[in-house]
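Only one structure is covered here, and it is reproduced in the block below.
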Protein chains: 2
Amino acid sequence: MGASKLDIYTPEINDMATIAKVFAHPARVAILQYISKQEGCICNDIVDEIGLSQPTISQHLKVINEAGLLKGNFVGKSICYCLNINRFQEFQELFNSFFNKTKSNCC
Amino acid sequence: MGASKLDIYTPEINDMATIAKVFAHPARVAILQYISKQEGCICNDIVDEIGLSQPTISQHLKVINEAGLLKGNFVGKSICYCLNINRFQEFQELFNSFFNKTKSNCC
DNA sequence: TTTTATCATCGTAATATTGCAATATTACAT
DNA sequence: ATGTAATATTGCAATATTACGATGATAAAA
């Protein structure tokens with residue numbers, strides 16, 4: 001096949017995988033890191049910074065946005081992309097919860 | 001294309017993405033969770049538990065193993081797969097470091 | 001109004017991932 | 001040695017992802 005069998009897992013497991021996917025591409029990690037460094041941010045800045053084409057960056061931003069990690073303020077013709085800190089924090093807590101639950105004594 | 005341009009990112013960013021990829025598939029999340037629940041664990045148990053074929057599970061285990069997250073003790077003809085807690089802890093710390101660095105004031 | 005700048009979407013090619021059947025390998029028991 | 005159980009590898013089909021050029025949409029500027 002090629003498609004993941006999502007229906008055989010618990011929602012928690014699927015959520016974890018979905019969240020991890022956001023960070024599973026270096027461009028998205030780089031974008032998140034870059035946005036966080038700026039006061040505000042414009043998509044074209046990201047294009048210059050990362051070195052991928054504008055459509056590709058836009059596509060990655062869409063993935064990040066669909067995960068709820070962005071807040072976009074429209075400023076004229078540009079868009080000021082910002083990190084949604086609350087959601088980001090939520091992700092961190094989910095990760096830590098998973099890590100802490102999974103760590104256990106074994107062998 | 002279809003291939004990620006790995007050479008344009010810092011090693012830290014690529015590492016982060018590589019680690020996240022391990023958790024970016026629900027089967028692997030489920031496998032990790034299951035292994036951590038057992039005292040030890042045998043591949044065939046995982047096959048029964050998760051509901052994917054033996055080759056598919058074996059393939060996912062390989063990905064997890066290549067990330068350094070497994071310790072395998074051969075027990076007779078079976079393999080006792082165990083979580084490499086140290087490495088797992090290391091992953092957690094890397095994630096937290098990334099999250100903490102990225103959280104910043106914006107907009 | 002026309003131009004220009006910025007960002008999104010569409011279409012498409014290249015590559016990666018997922019999943020399984022078939023087969024190979026490994027280790028033990030007989 | 002032979003058989004058997006457990007796991008790994010291979011090969012392949014289906015699907016997903018990545019990347020970019022071309023094209024749209026929108027809003028400020030000229």
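Computed from a predicted model, the values in this text were never measured in an experiment.
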Rounding to a whole Å, what distance do you find between A/Ile64:CD1 and C/dC7:C1'? 15 Å
Listed in order of residue number, which residues of residues 16-26 of chain A have a non-hydrogen atom at under 4.0 Å from DNA chain D? A/His25
Nearest atoms (heavy-atom pairs only) where B/Ile8 meets A/Gly51: CD1-O, 4.1 Å
Neighbours of DNA chain D within residues 48-57 of chain B, by heavy-atom distance under 4.0 Å: B/Gln54, B/Pro55
Can you tell me the distance, in whole Å, between the OH atom of A/Tyr81 and the P atom of C/dT6? 14 Å
Spacing of A/Ile79 atom CD1 relative to C/dA8 atom C1', expressed in whole Å: 8 Å
Return the nearest nucleotide to the side chain of A/Lys62; candidates are C/dT9, D/dT9, D/dT18. C/dT9
Can you run down the side chain to side chain donor-acceptor pair (under 3.5 Å) pairs that involve residues 14-25 of chain A, sequence neighbours left out, and say none if there aren't any? A/His25-B/Ser4
Provide the closest heavy-atom pair for A/Ile13 versus B/Pro26 in the form atom of the first, atom of the second, distance. CG2-O, 3.3 Å
Interatomic distance, A/Tyr9 OH vs C/dG19 P [rounded to whole Å]: 5 Å
Ignoring hydrogens and geometry, is there a side-chain-to-backbone donor-acceptor pair from B/Arg28 to B/Val63 under 3.5 Å? no
Spell out, yes or no, whether B/Phe23 and B/Leu94 are grouped together once hydrophobic residues are joined by side-chain heavy atoms under 4.5 Å, including indirect joins. yes
From OH (B/Tyr34) to OH (B/Tyr81), nearest 0.5 Å: 14.0 Å
Interatomic distance where CZ belongs to A/Arg28 and C1' belongs to D/dT18 [whole Å]: 9 Å
Checking contacts here: which listed nucleotide (C/dA8, D/dT18, D/dA16) is nearest the side-chain heavy atoms of A/Ala3? D/dA16
Parallel, tilted or perpendicular, judged at 30° and 60°: which one describes the rings of A/Phe88 and B/Phe99? tilted
Spacing of A/Leu61 atom CG relative to C/dC7 atom P, expressed in whole Å: 10 Å
Measure from CD1 on B/Ile46 to P on D/dA8 and round the result to the nearest Å. 9 Å
Does a side-chain heavy-atom distance below 4.5 Å link A/Ile35 with B/Thr102? no
Check whether any side-chain N or O of A/Ser58 sits under 4.0 Å from OP1 or OP2 of C/dA8, and answer yes or no. yes
Would you say C/dG19 has OP1 or OP2 under 4.0 Å from some side-chain N or O of B/His60? yes
Spacing of B/Ile31 atom CD1 relative to D/dT7 atom P, expressed in whole Å: 13 Å
For side-chain hydrogen bond (donor to acceptor under 3.5 Å, both in side chains), just list the numbers for A/Asn96 and B/Gln92, CA-CA rounded to whole Å, side-chain angles, deciding distance to a tenth of an Å, and then say yes or no. CA-CA 7 Å; A/Asn96 274 316; B/Gln92 181 172 18; 2.8 Å; yes
